[in-house]
Amino acid sequence: MEIPACVAFQRLPLLPNKTQTKDPKHWNSIIKHHTKLKNDTGILTTYTHMESLGICPDNSTLPLVLKACARLNAVESGKKIHSHIQNTKLIEDVRVRTALVDFYCKCGFFEEALHVFGEMSERDVVLWNAMISGYVGRGHHEEAIGLFMKMGRENLRPSSGTMVALLLACGELLELRMGKEVHGYCLRNGLFEADPRVITALIGFYLRFDVRVSRLVFDMMDSRSIVSWNAMIRGYFDVGDCSEALKLFMQMLVDGVTFDSVTMLVAIQVCAEFGSLKLGMQIHQMAIKLEFNNDLFVANALLRMYSENGSLEFSRELFESITTRDIAMWNSMISVYIGFGCYEEALSLFIRIRTECIREDEITIAIMLSVCEQLADGLRMGKAYMPM
DNA sequence: GTAGGGTTAG
């Protein structure tokens with residue numbers, strides 16, 4: 001028995017040599033290193049280590065630690081950091097405060113976020129943006145717009161980040177007028193040139209009302225980011241215009257635009273809807289070539305695409321070939337079996353979930369209850385398997 | 001010049 005190399009290396013902590021252990025600079029650089037590798041657990045472990053040695057991160061690494069806490073939903077760790085720096089100079093740093101506001105919002109603690117936000121006397125645009133987009137991120141769109149209004153009263157000029165958050169809120173609330181005003185403001189202040197994300201947000205905003213307007217914005221863009229391509233293709237897909245979505249995808253290929261896993265995902269979904277098995281298989285080939293097939297979102301979409309195009313066999317083959325399946329993948333395969341009327345297979349897959357000790361979710365339960373309806377002794381089985 | 005916030009997704 002041997003630990004696989006990849007695991008061993010991932011787990012290997014970057015141990016400083018004895019002379020460096022108390023040097024904060026060294027520890028801060030380790031955190032930055034983990035940040036580059038997007039290793040959130042590494043960041044948190046390093047921080048815990050520092051804490052035990054009585055070393056405090058500086059104002060440039062503390063935000064990184066808080067960000068990791070938010071992504072890992074490590075609420076207690078984040079709160080502990082907050083209380084640790086409560087009476088230090090760090091809490092007066094606007095960057096640290098912004099990171100705290102962001103952390104609290106992302107974890108859903110708005111009272112705490114508002115508290116940290118409100119205490120600060122000299123608030124700049126980024127701090128406001130963190131609070132505003134914090135609201136937007138959790139669906140509190142009215143509050144976001146209200147805060148934006150307040151911001152105007154403090155004579156702060158909104159930045160492109162403010163506009164992105166605002167466009168998202170306006171889209172969700174179907175505030176066409178206000179969104180158009182934002183559009184105008186961005187034009188007058190050159191915010192489109194300043195940041196491509198503003199245009200992408202604008203495309204997303206108009207998608208709520210009329211794809212054709214989004215397309216006009218898209219066509220006028222000087223340089224289209226991959227995200228804007230994806231948004232536009234998805235926009236056509238969402239209104240059911242699969243052929244236009246495919247056309248745009250083809251144009252991407254012809255123009256030689258480098259696409260990503262989101263593009264693959266949407267293209268596969270379009271194929272599933274459009275009923276094009278041949279094209280779907282070609283995209284599958286492309287995904288394998290470009291190594292997007294290991295992406296769980298892409299694999300899941302492929303699995304569904306095959307089943308929707310009538311090929312249970314291809315779905316099953318794909319499912320069994322995947323080594324790292326997540327619960328969504330299991331759920332999809334069970335649904336596929338149900339769709340083909342293979343209730344026994346669906347049930348045996350569910351039993352595999354149980355025996356392989358995979359954590360099922362509420363979707364698994366909902367799907368399985370529908371299987372129980374179909375089986376002769378379903379009621380008994382449903383009661384036996386379901387958590388009470 | 002840089003940091004703290006913001007766009008697409010099963």
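Letters A, B, ... mirror the listed sequences (proteins, then strands); counts begin at 1.
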Nearest-Å distance, [atom1] ([X]) to [atom2] ([N])?
| X | N | atom1 | atom2 | value |
| --- | --- | --- | --- | --- |
| A:N129 | B:dG5 | CG | P | 11 Å |
| A:D124 | B:dG4 | CG | C1' | 8 Å |
| A:D93 | B:dG4 | CG | P | 10 Å |
| A:L62 | B:dG4 | CG | P | 11 Å |

Under 4.0 Å, heavy atoms only, any strand: does [X] hit a base, just the sugar-phosphate, or nothing?
| X | answer |
| --- | --- |
| A:A328 | base |
| A:L64 | sugar-phosphate |
| A:D102 | sugar-phosphate |
| A:K32 | nothing |

Is [X] side chain donor-acceptor paired with the [N] base, going by distance under 3.5 Å alone?
| X | N | answer |
| --- | --- | --- |
| A:S133 | B:dG5 | no |
| A:D326 | B:dG10 | yes |
| A:S159 | B:dG5 | yes |

So, [X] and [Y], do they make that salt bridge, N to O below 4.0 Å?
| X | Y | result |
| --- | --- | --- |
| A:R97 | A:D93 | no |
| A:R352 | A:E320 | yes |
| A:E308 | A:R304 | no |

